[in-house]
Amino acid sequence: MGKATEDLRHEHESILSVLEIAEDVMRSGHPAEDKFKFGNEFIYFLSVFTDRCHHGKEESLLFPTLIMKGLPDDDGPIGVLIQEHVYGIAMVRTMRSDVEEKDLIRLIQHIAEYTVFIRKHIAKENNVLYPLADKILTRDDQEEMFENFVIHEEDVVGHGIHEQLHQMIDQWLITYEIRD
Ligand SMILES: [Fe+2]
Ligand SMILES: [Fe+2]
């Protein structure tokens with residue numbers, strides 16, 4: 001496994017653990033107000049970490065490099081994955097409306113749909129695209145891409161926000177009494 005794909009796999013792990021927390025919170029007996037507050041913060045995590053940081057790295061660095069090295073774009077796996085990123089953003093927008101409209105039943109339903117959807121997306125990348133990338137990219141490609149990931153992260157997320165996201169996740173575990 002190369003340095004860049006390893007970084008992306010680590011981010012998948014973070015996203016998957018946040019999805020589990022979301023399921024736990026929605027299933028819990030906490031009052032609706034707490035679930036809306038969580039929903040708001042969950043949406044913030046998804047917009048900043050999943051969409052801007054992680055999908056941003058894939059779309060602006062990993063996918064173009066793989067296309068440059070011969071993988072098909074629109075009609076291949078990359079085209080499908082990009083469409084799924086767009087669909088994910090639309091789902092986040094829907095969950096945001098649920099929170100704004102204080103519609104708990106729809107929020108719970110949409111979070112459940114989102115978790116199923118994004119887990120499948122992550123499985124496709126972990127099991128198909130990243131192994132392919134590990135074959136196609138040289139060690140130097142991976143090193144260079146990882147350096148660009150660090151720059152991307154600083155540009156779109158920034159160190160302070162990254163820390164804030166970690167603290168937010170730690171706080172969820174305490175507030176909603178979730179065992180790590
Ligand atoms: Fe992706
Ligand atoms: Fe991904």
Side-chain angles (χ1 to χ4, degrees), residues 1-24 39 41-96 110-159 161-166 168-169 172:
M1 200 192 302
K3 214 170 169 183
T5 45
E6 194 183 350
D7 180 61
L8 294 172
R9 284 178 193 272
H10 279 149
E11 290 185 343
H12 281 173
E13 291 303 316
S14 306
I15 296 167
L16 292 173
S17 63
V18 164
L19 297 181
E20 261 180 57
I21 294 174
E23 286 177 325
D24 283 350
E41 293 173 353
F42 176 59
I43 288 161
Y44 177 70
F45 172 87
L46 296 178
S47 321
V48 176
F49 189 81
T50 307
D51 291 330
R52 281 199 349 239
C53 178
H54 180 77
H55 292 167
K57 284 179 186 175
E58 291 175 339
E59 287 184 18
S60 63
L61 296 157
L62 177 69
F63 297 168
T65 308
L66 294 177
I67 291 166
M68 213 173 64
K69 286 182 173 269
L71 276 196
D73 45 11
D74 287 351
D75 52 355
I78 290 178
V80 174
L81 294 170
I82 291 175
Q83 277 172 20
E84 289 179 356
H85 288 178
V86 174
Y87 184 64
I89 291 172
M91 288 186 87
V92 172
R93 209 175 299 132
T94 304
M95 290 186 275
R96 185 174 286 128
H110 289 138
I111 287 181
E113 284 171 15
Y114 182 82
T115 55
V116 170
F117 164 76
I118 213 77
R119 276 186 185 122
K120 278 191 195 153
H121 177 81
I122 285 176
K124 279 184 206 168
E125 291 178 342
N126 281 353
N127 301 328
V128 182
L129 193 79
Y130 294 178
L132 209 57
D134 283 330
K135 279 200 197 120
I136 294 172
L137 303 173
T138 63
R139 182 188 286 258
D140 284 351
D141 294 333
Q142 292 260 8
E143 291 277 338
E144 191 189 327
M145 194 178 294
F146 180 75
E147 280 167 28
N148 286 320
F149 281 177
V150 175
I151 296 168
H152 171 86
E153 218 169 286
E154 276 301 311
D155 282 353
V156 306
V157 186
H159 195 68
I161 303 286
H162 228 262
E163 273 304 296
Q164 187 199 16
L165 291 174
H166 278 292
M168 199 169 79
I169 295 169
W172 287 338

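When a ligand or atom number is given, it counts from 1 through the structure's own listing order.
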> Distance below 2.8 Å from the Fe ion (ligand 1): how many protein N/O/S atoms qualify?
Replying inline: 4
>> If the threshold is 4.0 Å, N to carboxylate O, is there a salt bridge linking K57 and E11?
In response: yes
> Would you call R119 and E23 a salt bridge, using N to O less than 4.0 angstrom?
Replying inline: yes
>> Among K124, E58, R9, which residue satisfies the side-chain hydrogen bond (donor to acceptor under 3.5 Å, both in side chains) criterion with Y130?
In response: E58
> What's the shortest heavy-atom distance between H152 and C53, and which atoms?
Replying inline: NE2-O, 3.1 Å
> Which distance, rounded to the nearest 0.5 Å, do you find between the CZ of F45 and the CD1 of I21?
Replying inline: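 So the gap between those two atoms works out to 8.5 Å.
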>> By the ring-ring contact (aromatic ring centres under 6.0 Å, His included) test, which pairs, at least two apart or in different chains, include something from residues 50-79?
In response: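 Counting only pairs at least two positions apart or across chains, the ring-ring contact (aromatic ring centres under 6.0 Å, His included) contacts touching residues 50-79 are H12-H54, H55-H85, H55-H121, F63-H85.
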